[in-house]
Amino acid sequence: MFDKDRGLYIAHSAAGDLTITGKMANRHGLIAGATGTGKTVTLQVMAETFCQAGVPCFMADMKGDLSGISQAGKMSGFIEKRLPEFGIENPQFQACPVRLFDVFGEQGHPMRATVSQMGPQLLSRLLGLNETQDGVLNIVFRIADERGLLILDMKDLRSMLDYVSKNAKDYTTKYGNISTASVGAIQRALLQLENQGADKFFGEPSFDIYDLMQTENGKGVMNVLAADKLMMQPKLYSTFLLWLLSELYSTLPEVGDLPLPKLVFFFDEAHMLFEGTSKALLDKIEQVIRLIRSKGVGIYFITQSPTDIPENILGQLGNRVQHALRAYTPKDQKAVKTAADTFRANPDFKTDEAIMNLETGEALVSFLDEKGAPNMVERAKILFPLSQIGAITEGQRLDLIKQSRLYGKYDNAVDRESAFEVLMKEADQKMQNAENEAEEKKAQKETKAETKKPGVFAKVLKAVVTAVTSTFAALLGTYVSNAVQGKKTKSRTSTTGRVVKNATSAATRTITKELTRDILGNLVKK
């Protein structure tokens, strides 16, 4: 609950109201506790308090419960009994302006990012690549940058991997070995990711983070991400939220400590963010969390135990709410002690014992003071939400989506020319060039063959020469024969005439035959 006198009122203890100092709200926070101890209700109370103060929030809704923040709450017997504890006589139940989102575009506005925006580091984590495969993926991104090719969606990345694999020899000297095995492993990992529905996340229009920082009628808009399905893909969930944090960090300007933050980011099931994370990426997360507060963004982690958060990051979480923890095993007892040690001790009770004895709705609370120092831990009761506790109906969800100012902005995917289309055109052009070259070579061979082949005139001339030669040979032979036998001149003349006539007829037939064959051959060709 927020009002000018009380500020960001979250809980009440024996010492009085416990409020978050506005200008310290961007120093991050932690909501921890075992399952069923009231973490989700505490998150909802904090979120609607920021909403009333005009601060937009982003939160992941794991079970659909947080969607109720869009509807006004109702009086119940439980709330009625607790009113005197908080000094409230007539609670003003109210809804918060809400926009629903869904990475898969099923229960809210789609949230997309391009593969290039995700970058090779986060994508490598999402794909579960080893060091060698990660190196190849970085080479692919570098080559795409150098060639000016946009990697927007999964098919763009697949096309780039195929291109780099086929042209590996051209890049090996410059970037190092690009093995077919590594490319194949990345392609298989992409297939698994597509089977999980991640291909719906990669593409355009990419999400504009400024759409998360909107107000309506003086209230901060609550951006609720449907995460029940996304939770089944923990790597996609954590990588998506890491991308969102990185986008906020790289896009927003430096503003320092504002009277109130520009955006509060609630990261539920925070342990997923750090499981299986490389040292390099963990350092990156730590840097973003440490520096993003100067951009006016506060991050609040929600998890079961403080031990789920790396120590370097845990030390940056100044505003803390610790619900009950159970200590059934030595490991649980160690977790309780760790949680207790993160608070500034209160002499009125033992922190570790109090943690194990807290009731539902109770918590140990410590917020930062005006100077940024942690206040003494107090055992307190968390306020009840003024909005509805629990999920909304499907009809109410559809109404919220259609009434949103963002309706239609992200709903339809856009597929503009990018690496896939450019490389396909290049491949088609290369194939066309090869076909044209083959046709040209074939035509050249045929032309050369035609040039070598004798023409009609040459054939006729050859036939004439052959016929004449044959005629003279025949005449000469007849003459010699007659001379030897001593025949009469009359007989020799008669014989010679017959020979000449026969030779001439044979020559004529030969010439006619050659002409006919050539003419018919040319007609058939045409």
Side-chain angles (χ1 to χ4, degrees), residues 1-32 42-57 85-88 213 215 218-220 248-249 252-267 286 288-302 306 309 312-323 339-349 351 354 362-383:
M1 181 182 296
F2 173 79
D3 61 50
K4 294 180 180 179
D5 297 328
R6 283 180 166 172
L8 299 165
Y9 180 30
I10 305 296
H12 184 81
S13 72
D17 296 346
L18 299 179
T19 61
I20 297 177
T21 304
K23 67 179 182 180
M24 293 296 157
N26 64 334
R27 300 297 178 92
H28 312 319
L30 173 69
I31 302 172
T42 299
L43 189 163
Q44 186 170 339
V45 168
M46 279 193 177
E48 68 178 21
T49 301
F50 282 118
C51 167
Q52 294 162 15
V55 179
C57 299
E85 297 175 2
F86 300 111
I88 301 173
M213 294 178 285
T215 59
K219 291 184 176 182
L248 289 167
Y249 173 69
L252 297 179
E254 295 277 344
V255 293
D257 292 330
L258 300 172
L260 286 168
K262 297 172 66 174
L263 176 71
V264 172
F265 192 100
F266 291 98
F267 202 139
E286 181 184 345
V288 170
I289 292 172
R290 184 175 66 252
L291 299 179
I292 201 170
R293 67 179 182 84
S294 64
K295 308 293 183 85
V297 178
I299 302 172
Y300 287 72
F301 294 97
I302 297 90
I309 312 293
N312 290 342
I313 295 175
L314 186 63
Q316 299 178 44
L317 311 181
N319 300 298
R320 300 189 181 185
V321 178
Q322 176 67 60
H323 288 276
D341 290 343
T342 61
F343 288 103
R344 178 183 166 189
N346 188 326
D348 293 339
F349 57 87
T351 308
E362 270 194 313
L364 296 182
V365 179
S366 175
F367 298 140
L368 298 178
D369 63 19
E370 292 282 345
K371 296 181 180 180
N375 282 308
M376 188 183 301
V377 64
E378 297 286 350
R379 183 169 180 168
K381 291 186 176 181
I382 304 297
L383 266 173

Engineer: Does the side chain of Thr21 come under 3.5 Å of the side chain of Glu370 through a donor N or O and an acceptor N or O?
Structural biologist: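 There is no such pair (donor and acceptor under 3.5 Å, judged by atom type) between the side chains of Thr21 and Glu370.
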
Engineer: Should Asp257 and Arg27 count as side-chain neighbours, where that means a heavy-atom distance under 4.5 Å?
Structural biologist: yes

Engineer: Roughly how far, to the nearest 0.5 Å, is CD1 of Ile299 from CD of Gln316?
Structural biologist: 9.0 Å

Engineer: Taking all non-hydrogen atoms of both residues, which atom of Ala53 and which atom of Leu8 are closest, and how far apart?
Structural biologist: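 Smallest interatomic distance, heavy atoms only, reads CB-CD2, 3.8 Å.
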
Engineer: Is the closest side-chain heavy-atom distance between Ile382 and Val321 below 4.5 Å?
Structural biologist: yes

Engineer: Donor-acceptor check, side chain of Ser13 to backbone of Arg379, threshold 3.5 angstrom: yes or no?
Structural biologist: no

Engineer: Does any non-hydrogen side-chain atom of Ile88 lie less than 4.5 Å from one of Leu383?
Structural biologist: yes

Engineer: How long is the straight-line distance from CD1 of Ile20 back to OH of Tyr300, given to the nearest 0.5 Å?
Structural biologist: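 Taking OH in Tyr300 and CD1 in Ile20, the distance rounds to 4.5 Å.
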
Engineer: Quick check for you: to the nearest 0.5 Å, what is the distance between His323 atom NE2 and Ile302 atom CD1?
Structural biologist: 10.5 Å

Engineer: Does a side-chain heavy-atom distance below 4.5 Å link Pro374 with Arg320?
Structural biologist: no

Engineer: Could you tell me whether the side chain of Tyr9 reaches within less than 4.5 Å of the side chain of Thr49, counting heavy atoms only?
Structural biologist: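 Of all side-chain heavy-atom pairs linking Tyr9 with Thr49, none is under 4.5 Å.
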
Engineer: So do Ile10 and Phe367 actually touch side chain to side chain, heavy atoms under 4.5 Å?
Structural biologist: yes

Engineer: Drop me the distance from Ile292's CD1 to Tyr249's OH, to the nearest 0.5 angstrom.
Structural biologist: 8.5 Å

Engineer: How far does CG of Asn319 sit from NE2 of His28, to the nearest 0.5 angstrom?
Structural biologist: 10.0 Å

Engineer: Could you grab the distance from atom CZ of Phe267 to atom CD1 of Ile309, nearest 0.5 Å is fine?
Structural biologist: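 Answer for the CZ-CD1 pair, Phe267 versus Ile309, is 9.0 Å.
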
Engineer: Side-chain contact test, heavy atoms from C-beta onward, threshold under 4.5 Å: evaluate it for Gln322 versus Thr351 and give yes or no.
Structural biologist: no

Engineer: Any side-chain heavy-atom pair from Phe301 and Ile289 closer than 4.5 angstrom?
Structural biologist: yes

Engineer: Please find the pair of heavy atoms, one from Lys295 and one from Glu254, that lie closest to each other, and give the distance.
Structural biologist: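 Distance-wise, the nearest heavy atoms are CE-OE2, 3.3 Å.
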
Engineer: Angle class for the His12/Phe86 ring planes (parallel below 30°, perpendicular above 60°, tilted otherwise)?
Structural biologist: perpendicular

Engineer: For a side-chain contact (heavy atoms from CB on, under 4.5 Å) check, start with the C-alpha distance between Leu30 and Leu314, then their side-chain angles and the critical distance, and finish with the verdict.
Structural biologist: CA-CA 8 Å; Leu30 173 69; Leu314 186 63; 3.9 Å; yes

